[in-house]
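Sequence lines set the chain letters: A, B, ... in the order given, protein chains first and strands last, and positions in each chain run from 1.
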Amino acid sequence: MMEKLVIEAGRSEAHYWRDLWRFRELFGFLAWRDILVRYKQTAIGVAWAVIRPLLTILIGAGIFGGLAQLPSDGVPYAVLVCAGTLPWYFFSSALSESANSLVGNANLISKIYFPRMILPASAVVVAFVDFAISLVILGGLMLWYGVMPSWRLLTLPLFILLGFVAAMGPGLLFTALNVKYRDFRYIIPFVVQFGLFISPVFYSTTAIQERFGDTGRVIVALNPMVGIIDGFRWAICGTTDIHWPSFALSTGLSVLLLVLGVWYFRRTEKTFADVI
Amino acid sequence: MAEPIIRVENLGKCYRIRHETRERYTALRDVIARKAKGIFNRASSNRHPESGEEDFWALKDVSFEIKQGEVVGIIGRNGAGKSTLLKILSRITEPTKGRITLNGRVASLLEVGTGFHPELTGRENIFLNGAILGMTKAEIRSKFDEIVAFAEVEKFLDTPVKRYSSGMYVRLAFAVAAHLEPEILVIDEVLAVGDAEFQKKCLGKMGEVARGGRTVLFVSHQMAAVQNLCQTGVRLVNGMLQEVGPVGPVIKNYLTQTHQIAQSSFANRRDRQGTGKIRFEEVLLRDAAGCSVAAFDCGAAAVMALRVTNHSGGPLRFVRVAVGVDNDLGQRITVWSTHLAEKDLPEVNASVHEVKVLVPRMTLAPGRYGYTLFCSVNGETADWIKNAGSFDVEPGDFFGSGQLPEAGQGWFLMEHQFDLSRGGAASSGAALN
């Protein structure tokens, strides 16, 4: 049976999601390619996925827990930092790689048709694989300090999913903007660097609440990462409580950014091949 | 089959060209600056805010239909809209106007080796490239051995392709593409790669694909390949459809059209030097029989006719004419000159003349050559046009052996023979002395 296809100005909109499903195999192949290539010609290979966050955790725990003596919600400070660092690494590498995915694959875009959303999405998947590997650190630290996991750990995938949403939204937005305005090549590393300090990676949000009260905690939650990191700590440490107003705000923002990202990406997508 | 497999209706593609900026991407700074300027200017003037932009129609009102199993050659000069048409057909870019209805799966091959990753091995790249070209995993697996055999890279399957020779790389890339089995195959000028042997193999494979009942759209500048492969020709001129029909006449019309351009006129050239007593007017290419041609054939007689006018008002003597021939790198390959070949031209009286350069046998290798025209009267430069124009030399049977010379194998051809004799090392040395 022959499939019929009509090419017309504005027509691709209609079959967009069906097309995305049809190209799922290509999506898999691109993710597979990026995973294969990621640690090619490195001496210690995939160990990098563990070493980088591990060093960050040790330094963060040393400075903020050891020197600054910040409160740790009743768990070892290293575990607290770990529950913040791992999702942060996932978010930041997913964001920066998906933001560069279109420009980095310009040759594909100008020569082959496929729903362009595959590229940033597969970049996020690659970051997720690194994240999954780095969970080893979390397991190790929990064993070392004897932190007992509770039933809450089962909710962790939910917060990981939220991490996908949070990374995908700005990722789509930035990558589409990057096609037209290469300025974002310089903006993104800055956002990532800045984000590490405004997100509660090395400190807990309860510490902020103690200092600045409820309002302070809600203002901090204007950052989508706050909800995710709080969620991680709630699921892992079992001591931090979720502060619902701030959690709802930051989750709502993630979703809003995703909607905005998809909208802008779809709107500019058809001109990518002409502009890139 | 009643319904055509491809129906193109009133297709148009408009690009916006910027005159002020040369970069393809905009910097955010410029946009902000322009917007800010716009706010201030709005009150004072109501000019078009982006007056530096102009619409350019790369394709305009193109309509045609193609039946299933047809092999169609799309021909036209550079910039005629061929690539734009292919890009729209393969959905890389959207049309601005009109529509295309396709009754089948399209695979497009606009470049050999799209998506090859240098770090991955040959085996991995076959899968990756196959997926990018639209094959399913199962399809690739079932054709894997065939692809490897076609590319002749069995030994290097597990070597990263960055260590491949360029020949191996291209062979592997084409092998994957050649095993695509869509209902509609769209191919841009991709056969101009690899060595001659492999090109022949590719053309053979393409012919096979075409005979298998699939519809093929093929763009090439090699008219010989178009003639051999296609039944139907689609000719584009300046983004508009000129004609659709049997390939023979379409190619013929195309060649006449390019010929009109090859017959270059110099009336508007300002970059000429000399006193102007004699001016070159135009150049025409002819074959031995005196018929106008678009290009010379290797090994055949070639005539370059230079039309000159005497502007001095009286007869001129001691007129010398020279044509310098450059290769595509701008290096002087040879010169045709009255001074070298014979004496000066006989007296040139006050009118239009045709000076013919007669080359009994074209020994330049296939390729494009530029030429410089020079004319002096009594040792004084009368007209000198550097890079006046160019001509093409097409592969021809130079040696009478049925073999065509390859492009890229040197600049000229030379008659030669081979001789095999027993224990000839010493005697051949003596013969050369």
Contact part of T96(B) toward chain A, heavy-atom cut-off under 4.5 Å: side chain, backbone, both or neither?
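Just its backbone gets close to chain A.
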
Using non-hydrogen atoms only, which part of F127(B) is less than 4.5 Å away from chain A: side chain, backbone, both, or neither?
both

Considering all heavy atoms, the nearest [X]-[Y] contact:
X	Y	result
G115(B)	N107(A)	N-ND2, 4.0 Å
L89(B)	I7(A)	O-CD1, 3.6 Å
S90(B)	Y113(A)	O-CB, 3.1 Å
I112(A)	I132(B)	CG2-O, 3.5 Å

Pairs of heavy atoms under 4.5 Å with chain A: top-ranked of E119(B), E9(B), H117(B), M135(B):
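Most pairs with chain A among the choices: H117(B).
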
Would you check, one step at a time, whether the test side chain to side chain contact (heavy atoms under 4.5 Å, CB included) holds for L36(A) with E124(B)?
CA-CA 10 Å; L36(A) 273 184; E124(B) 288 160 347; 3.6 Å; yes

Considering only heavy atoms and a distance below 4.5 Å, find which of F272(A), F23(A), W32(A), F184(A) pairs most often with chain B.
W32(A)

Under a 4.5 Å heavy-atom cutoff, which of N105(A), T271(A), L26(A) has the most pairs with chain B?
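Top count of heavy-atom pairs under 4.5 Å with chain B: L26(A).
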
Of the backbone (N, CA, C, O) and the side chain (C-beta and beyond), which part of [X] lies under 4.5 Å from a heavy atom of chain B, both, or neither?
X	value
K40(A)	side chain
F29(A)	both
L177(A)	neither

Determine whether more than 12 heavy atoms belonging to other residues, nucleotides or ligands lie under 6.0 Å from atom [atom1] of [X].
X	atom1	result
W57(B)	CH2	yes
K162(B)	NZ	yes
N238(B)	CG	no

Looking at R91(B) and D19(A), is there a salt bridge between them, counting it only when a charged N and a carboxylate O are closer than 4.0 Å?
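Looking at R91(B) together with D19(A), the answer is yes, because their closest N to O distance falls below 4.0 Å.
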
Salt bridge D274(A)-K87(B), side-chain N to carboxylate O under 4.0 Å
no

Please check this pair: side chain of E25(A) against backbone of K137(B), looking for a donor-acceptor N/O pair closer than 3.5 Å.
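Yes.
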
Going through the distances and angles, do V37(A) and L120(B) end up as a side chain to side chain contact (heavy atoms under 4.5 Å, CB included)?
CA-CA 7 Å; V37(A) 168; L120(B) 298 181; 3.7 Å; yes

